Amino acid sequence: MKTCKKVALRIQQLCAEHGYNINSLAREAGIPPTTLKNILYGSSRNPGVVTIKLFCDGLGISLFEFFNTAAFQSDELEYLGDDDDDEDDE
């Protein structure tokens, strides 16, 4: 699974755990809702660590807590080219 998809799934998971929807998390994080939607729906191919940090601040968690899941603890390398197919996703 590609990292961008892992980030989107983790944000969705945390929203559910904390009782946020897209707009309320964006408001808490101080970012435009379109930024969050672009990450969740795959329009943003490379969400920056600063943006993820703002989400974490909005959720009241650390970057460590955000990334401290089995999904991010893989030794797989990811190619960040222009290839849009996800046939190598798990």
Side-chain angles (χ1 to χ4, degrees):
M1 179 182 303
K2 294 193 177 203
T3 302
C4 291
K5 184 164 179 112
K6 291 178 188 179
V7 168
L9 290 173
R10 181 66 172 142
I11 291 170
Q12 291 173 340
Q13 175 190 26
L14 290 166
C15 279
E17 287 176 13
H18 292 263
Y20 286 112
N21 62 33
I22 293 172
N23 290 325
S24 61
L25 174 57
R27 189 171 39 256
E28 284 294 318
I31 61 165
T34 54
T35 299
L36 181 52
K37 289 176 185 176
N38 287 340
I39 293 169
L40 294 178
Y41 303 133
S43 298
S44 175
R45 296 175 53 101
N46 189 10
V49 70
V50 173
T51 302
I52 295 171
K53 173 71 168 102
L54 290 171
F55 294 141
C56 291
D57 291 347
L59 292 165
I61 65 170
S62 68
L63 279 170
F64 178 81
E65 291 170 295
F66 184 91
F67 289 109
N68 190 30
T69 65
F72 292 109
Q73 296 174 0
S74 170
D75 291 336
E76 295 177 24
L77 296 177
E78 181 175 323
Y79 172 70
L80 296 176
D82 292 333
D83 190 9
D84 286 335
D85 66 0
D86 291 332
E87 64 189 42
D88 61 337
D89 284 359
E90 296 173 2

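Because the structure is predicted, anything quoted here is derived from the model rather than measured.
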(message) Per the salt bridge (charged side-chain N to carboxylate O under 4.0 Å, His left out) rule, what does the pair list look like for residues 49-71, sequence neighbours excluded?
(response) K53-D57
(message) Holding to side chain to side chain contact (heavy atoms under 4.5 Å, CB included), I want the full list of residues that pass it with E28, two or more places apart in sequence or in another chain.
(response) Y20
(message) Among residues at least two apart in sequence or on other chains, which ones pass side chain to side chain contact (heavy atoms under 4.5 Å, CB included) with T69?
(response) R10, A71, F72
(request) Quick one: closest heavy-atom pair of S44 and C4, and the distance? (result) O-SG, 4.2 Å
(message) According to a hydrophobic-cluster definition based on side-chain heavy atoms being under 4.5 Å apart (Ile, Leu, Val, Met, Phe, Trp, Tyr only), do L25 and Y41 belong together?
(response) yes
(message) Just verifying a value: how many Å separate I11 CD1 and Q13 CD, rounded to the nearest 0.5 Å?
(response) 11.0 Å
(request) Please report the C-alpha distance between I61 and F55 in whole Å, then the side-chain angles of each, then the deciding distance to 0.1 Å, and finally whether the side-chain contact (heavy atoms from CB on, under 4.5 Å) criterion is met. (result) CA-CA 9 Å; I61 65 170; F55 294 141; over 6 Å; no
(request) Calculate, to the nearest 0.5 Å, the distance between atoms CG and CD1 belonging to L63 and I52 respectively. (result) 7.5 Å
(request) Identify the heavy atoms of L14 and F66 that sit nearest to each other, and give their distance. (result) CD1-CD1, 3.5 Å
(message) Please enumerate all residues that pass side chain to side chain contact (heavy atoms under 4.5 Å, CB included) together with L9, with sequence neighbours excluded.
(response) M1, K5, Q12
(request) Can you see which heavy atom on P47 is nearest to which on V7, and at what distance? (result) CG-CG1, 4.2 Å
What side-chain donor-acceptor pairs closer than 3.5 Å can you find for residues 29-40, not counting sequence neighbours?
residue : atom : partner : partner atom : Å
N38     : ND2  : T34     : O            : 3.2

(request) For N68, check side chain to side chain donor-acceptor pair (under 3.5 Å) against everything at least two apart and list the hits. (result) Q73
